[in-house]
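As structure tokens, the structure follows; a few thoughts come after it.
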Amino acid sequence: MALGQIGNFLAYTAAPAVLVTPLGALGIPFGSVLASYVLKEKLNFLGKLGCLLSCVGSIILIIHSPKSENITSRAEFEEKLSNPVFLGYLCFVLLMLTLLIFWLSPAYGKKNIMVYIGVCSLLGTFTVPCTKGIGLFAQDAFTKNPSSSNSTYLFLCLLAVLGCSILIQFRYINKALEDYDSCIFSAIYYVTFTTIVLVATAILFQEWTKVGAIDFLAMLCGFTTVSTGVILIQMFKEFNISFRELSKTPEKKE
């Protein structure tokens with residue numbers, strides 16, 4: 001798992017976040033296929049169909065994603081962070097998190113799954129940009145350049161924000177898994193988290209500016225296809241459905 005997280009970190013530093021975030025869903029079909037062979041867990045027809053849809057949607061995302069990186073230097077990242085639109089969006093996210101954590105979560109957390117999912121998904125506004133920023137600042141943070149002290153300060157700030165957001169996410173994910181079915185939570189969480197992260201990265205990195213109308217529609221279709229595959233794998237895994245049963249013709253009653 002540590003190697004997987006390192007690979008995820010390197011992916012955010014090397015490719016647009018609009019591509020890396022939806023592709024995180026590939027862990028679900030691969031995990032399901034491995035579990036069916038290694039742990040002998042049953043993967044029904046809908047689960048296999050979900051694996052296929054997730055892979056097809058991922059291929060569509062890869063083909064139509066932005067072909068160039070919008071931010072490649074520390075100076076560009078600092079400029080994007082000071083964007084008034086992103087700062088306004090950040091204040092809105094902080095306000096929503098305050099309401100969810102201190103008011104809605106104690107009162108409605110055990111009654112509505114979207115409360116916990118909302119907290120975890122909104123924290124993606126911090127985790128993904130911080131991960132990308134750490135990759136950019138790490139190159140200059142420990143050098144002897146005159147600007148290295150400023151880079152080290154920002155590197156440590158991003159690292160602290162990333163650590164806090166991950167810890168809060170883990171706490172509310174555990175709370176959700178205690179009160180709700182893990183299959184339903186995982187499916188809804190993936191769609192909600194990815195959508196919010198794509199909105200945040202679109203505002204901050206403006207990666208959609210290099211995507212044409214056709215590529216945008218294709219990526220939207222790819223994301224919908226991946227989300228459908230994830231829902232089929234997670235929410236219908238307990239159903240005993242096989243292709244043989246589906247192909248059976250019902251007997252006519254006389």
Side-chain angles (χ1 to χ4, degrees), residues 1 4-5 7-9 11-12 15-36 41 43-44 46-62 64-65 93 96-97 100 109 112-132 162 165-202 207 218-239:
M1 291 184 67
Q5 291 304 318
N8 191 43
F9 173 79
Y12 276 113
V18 70
L19 171 63
V20 177
T21 305
L23 289 183
L26 283 177
I28 296 176
F30 281 117
S32 300
V33 172
L34 286 174
S36 66
E41 293 184 2
L43 186 64
N44 59 25
L46 292 178
K48 294 175 182 176
L49 181 62
C51 293
L52 178 62
L53 288 175
S54 297
C55 293
V56 171
S58 299
I59 293 172
I60 296 173
L61 287 171
I62 293 171
H64 294 277
S65 65
V93 170
M96 292 300 298
L97 283 172
L100 286 169
N112 193 331
I113 192 174
M114 291 307 298
V115 174
Y116 292 147
I117 289 178
V119 174
C120 298
S121 300
L122 286 172
L123 286 169
T125 302
F126 301 97
T127 55
V128 173
C130 284
T131 302
K132 198 172 186 68
L162 178 63
S165 60
I166 289 176
L167 289 175
I168 298 173
Q169 275 181 297
F170 281 161
R171 180 185 177 187
Y172 282 91
I173 286 174
N174 288 330
K175 282 188 174 184
L177 294 178
E178 289 176 0
D179 299 325
Y180 302 100
D181 184 82
S182 61
C183 300
I184 297 175
F185 172 78
S186 300
I188 301 175
Y189 176 55
Y190 166 75
V191 177
T192 310
F193 177 84
T194 305
T195 303
I196 291 178
V197 168
L198 289 179
V199 171
T201 53
E207 293 168 338
M219 291 192 69
L220 184 62
C221 292
F223 174 58
T224 305
T225 304
V226 173
S227 301
T228 304
V230 171
I231 291 172
L232 287 176
I233 295 170
Q234 294 288 65
M235 299 185 69
F236 296 95
K237 62 166 56 176
E238 302 298 332
F239 286 65

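Put simply, the side chain of Ile188 reaches to within 4.5 Å of the side chain of Met114, judged on heavy atoms.
Atom NZ of Lys48 has 12 or fewer heavy atoms from other residues, nucleotides or ligands within 6.0 Å.
The two residues Ser121 and Thr192 make their nearest non-hydrogen contact at OG-CG2, 3.4 Å. The two residues Ser58 and Ser54 make their nearest non-hydrogen contact at OG-O, 2.7 Å. In plain terms, the two heavy atoms of Pro129 and Gly124 that are nearest each other are CD-O, 3.7 Å.
Put simply, the side chain of Thr194 never gets that close to the backbone of Val191: no donor and acceptor are under 3.5 Å apart.
Between Tyr189 and Phe185, the ring planes are parallel. Angles under 30° get that label, and only those over 60° would be called perpendicular. Using a 30° and 60° split on the angle between ring planes, Tyr116 and Tyr180 fall in the perpendicular class, above 60°.
Evaluation of the side chain to side chain contact (heavy atoms under 4.5 Å, CB included) rule for Leu162 yields Thr127, Cys130, Thr131, Ile134, Ser165, Ile166 as partners, not counting sequence neighbours. For Tyr172, the side-chain hydrogen bond (donor to acceptor under 3.5 Å, both in side chains) test picks out no residue, with sequence neighbours left out.
To the nearest 0.5 Å, atoms CG (Leu220) and CZ (Phe223) are separated by 8.5 Å. Atom CD1 in Ile60 sits 5.0 Å away from atom OG1 in Thr225 (nearest 0.5 Å). Distance check, rounded to the nearest 0.5 Å: CG of Leu97 to SG of Cys120 gives 10.0 Å. Leu198 CG to Met219 CE: the interatomic distance, rounded to the nearest 0.5 Å, is 7.5 Å. The CD1 atom of Ile117 lies 11.5 Å from the CG atom of Leu100; values are rounded to the nearest 0.5 Å. Once rounded to the nearest 0.5 Å, the distance linking CE of Met96 with OG1 of Thr125 reads 11.0 Å.
No option in Ile231, Val230, Thr224 other than Thr224 meets the side chain to side chain contact (heavy atoms under 4.5 Å, CB included) test with Thr228.
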